[in-house]
Amino acid sequence: MVEWLAGNRIRGTSAEKPSGSLQSPSVGGWKEVGRTTLGSAGATISVTGLEDKRYYMTLIDSLNSGVVGGYGRLNGDSGNNYSRRRSEDGGSDATNVNNIAMNYFGQDVSDGHAFTVGYLANKSDKEKLSITHSVWGNTAGAGNAPHRMEDSGKWANTTDPISSYQVVNLANSNNFASGAECVVLGYDPDDTHTTNFWEELASVELGSAGTVLSSGTFTAKKYLWVQAFIDSSGGNVNDAFRCGNGSVDTGTNYSWRFSANGGSDATYASQDDIGDFSNIANGQFINMFIINNASNEKLIMCHINEGKTGAGTAPTRLEIVGKWANTSDQINIVEWRNPASTNYSTKSIIKVWGSN
């Protein structure tokens with residue numbers, strides 16, 4: 001979304017910016033329209049009374065009391081009005097039709113924690129389409145790689161706008177634990193509010209060519225959204241992700257799972273970073289979400305587009321989930337580094353948004 005300023009300019013002066021050096025845009029953007037945090041264990045997390053927005057974004061912090069299977073429902077509809085397609089850990093797609101729920105978020109969460117980011121298109125006279133990505137920690141500790149889920153679903157309702165969103169356990173009799181939460185954000189092109197959910201926490205352009213692109217320290221938030229563009233100063237570069245509190249953790253406290261171009265997942269445990277993705281010479285765009293509870297392992301989901309030269313060569317896509325096996329601190333610094341010697345160029349930039 002672009003806001004045109006006086007003289008049809010995109011870049012404004014300091015006088016035209018909102019107060020504070022790092023602020024969200026002045027109008028529009030993702031607004032929190034509903035949130036439910038369980039005060040005690042329960043089988044359903046229900047967010048009701050949603051404003052009618054054209055698009056929704058959901059953030060689900062699924063703290064579990066035993067193994068559960070999380071599913072999404074809309075407007076309390078428990079009829080056979082949903083269908084979905086999903087892939088777990090990069091496996092073959094599975095489909096379900098005429099179902100009683102959509103958006104399967106995964107199960108077998110033996111360490112009691114999962115994180116889901118989802119999107120919904122909401123037009124009353126059209127079927128409601130959704131996309132979700134999930135990561136769950138599996139067994140606790142850096143010695144165990146997390147799991148991931150990709151899910152596309154729809155609610156075959158063409159008469160009603162979305163007014164509520166439910167996360168339900170349909171797999172067994174276990175419950176979501178106290179503190180489990182679902183946050184629903186809404187966006188509409190005509191919005192003019194100033195209550196954006198996502199606050200800009202850091203924005204850093206690499207000042208001189210180097211092997212590390214760091215956010216610097218920022219105010220820790222429960223939900224983090226990280227984007228970066230990494231460019232080479234000449235030749236191929238690798239990149240790997242690290243995070244920490246006060247300073248980045250360089251110990252073997254990370255594990256991760258990834259797929260390149262839709263291939264089979266590879267897993268790595270007890271690593272000193274997440275990634276070491278190689279041979280990037282033409283720019284790389286990174287989009288990442290993190291659930292950042294101090295007392296839980298930090299769960300990370302990431303999508304990367306590695307650019308190639310010219311329209312005659314398709315880019316490389318990477319899908320990654322990872323975790324930082326720290327259960328005492330919140331992340332307040334992140335970085336991408338090149339384990340090799342080639343530098344990132346000064347075109348490289350990292351941005352961090354967050355919210356509680």
Side-chain angles (χ1 to χ4, degrees), residues 1-3 5 9-26 29 196 198-221 224-251 254 272-290 292 298 300 302-309 315-316 318 320 322 324 329-355:
M1 180 182 67
V2 175
E3 179 186 359
L5 303 174
R9 293 171 296 114
I10 297 175
R11 177 172 291 181
T13 66
S14 58
E16 292 172 308
K17 295 179 181 179
S19 59
S21 58
L22 291 172
Q23 295 291 327
S24 300
S26 58
N196 289 330
W198 295 107
E199 174 190 357
E200 186 174 299
L201 306 177
S203 180
V204 178
E205 297 182 45
L206 201 59
S208 59
T211 58
V212 175
L213 176 62
S214 174
S215 67
T217 56
F218 52 79
T219 302
K221 299 288 183 178
L224 297 177
W225 185 0
V226 182
Q227 290 189 338
F229 176 76
I230 293 176
D231 183 66
S232 170
S233 63
N236 291 335
V237 295
N238 294 15
D239 62 356
F241 176 80
R242 282 175 173 169
C243 56
N245 183 274
S247 60
V248 297
D249 184 354
T250 61
Y254 305 89
D272 63 359
D273 56 36
I274 294 174
D276 197 4
F277 305 113
S278 61
N279 298 327
I280 308 153
N282 298 291
Q284 184 185 71
F285 174 60
I286 299 164
N287 193 55
M288 172 184 287
F289 289 94
I290 305 172
N292 193 28
K298 313 307 175 283
I300 298 162
C302 180
H303 293 85
I304 297 177
N305 181 331
E306 293 182 354
K308 305 296 182 183
T309 302
T316 295
L318 301 174
I320 306 105
W324 180 41
D329 302 299
Q330 282 189 295
I331 294 169
N332 69 358
I333 184 171
V334 297
E335 74 171 26
W336 291 90
R337 69 185 187 96
N338 179 19
S341 58
T342 306
N343 286 330
Y344 298 149
S345 83
T346 54
K347 296 178 182 178
S348 302
I349 184 171
I350 187 170
K351 284 182 174 286
V352 181
W353 295 269
S355 185

**Message:** Any heavy-atom pair between the side chains of Ser355 and Glu199 that's under 4.5 Å?
**Reply:** no

**Item:** Arg337/Val212 under side-chain contact (heavy atoms from CB on, under 4.5 Å): CA gap, chis, key distance, verdict
**Value:** CA-CA 4 Å; Arg337 69 185 187 96; Val212 175; 4.1 Å; yes

**Request:** First locate atom SG of Cys243, then atom CG of Asp273, and finally report the distance between them rounded to the nearest 0.5 Å.
**Result:** 10.5 Å

**Prompt:** Could you state the interatomic distance from CD1 (Ile333) to CZ (Arg242), rounded to the nearest 0.5 Å?
**Reply:** 11.5 Å

**Complete:** Value for CG (Asp239) from CH2 (Trp336), rounded to nearest 0.5 Å, stands at 5.5 Å

**Complete:** Minimal heavy-atom distance between Asp249 and Trp324, with the atoms involved, is OD2-NE1, 2.8 Å

**Heavy-atom closest pair, residues Ala202 and Ser215** = CB-O, 3.8 Å

**Prompt:** Where does the angle between the aromatic ring planes of Trp198 and Phe289 fall among parallel (under 30°), tilted (30 to 60°) and perpendicular (over 60°)?
**Reply:** tilted

**Asked** Measuring from Ser247:OG to Glu335:CD, what's the distance to the nearest 0.5 Å?
**Response** 9.5 Å

**Request:** Quick one: closest heavy-atom pair of Phe285 and Gln227, and the distance?
**Result:** CZ-NE2, 3.9 Å

**Prompt:** What's the spacing between Gln330 CD and Leu224 CG if we round to 0.5 Å?
**Reply:** 8.0 Å

**Prompt:** Are any side-chain N or O atoms of Tyr254 and backbone N or O atoms of Phe241, one a donor and one an acceptor, separated by less than 3.5 Å?
**Reply:** no

**Asked** To the nearest 0.5 Å, what is the distance between OG (Ser345) and CG (Asp231)?
**Response** 3.5 Å

**Asked** Do Tyr344 side-chain atoms and Asn338 backbone N/O form a donor-acceptor pair below 3.5 Å?
**Response** yes

**Request:** Kindly determine whether Ile286 and Gln284 satisfy side-chain contact (heavy atoms from CB on, under 4.5 Å), including the steps that lead there.
**Result:** CA-CA 6 Å; Ile286 299 164; Gln284 184 185 71; 3.4 Å; yes

**Asked** So among Ile290, Asn292, Leu201, which one has a side-chain contact (heavy atoms from CB on, under 4.5 Å) with Lys221?
**Response** Leu201

**Asked** Do Asp329 and Lys298 sit within salt-bridge range, that is, some charged N less than 4.0 Å from a carboxylate O?
**Response** no

**Item:** Side-chain touch Val226/Val352, heavy atoms, less than 4.5 angstrom
**Value:** yes

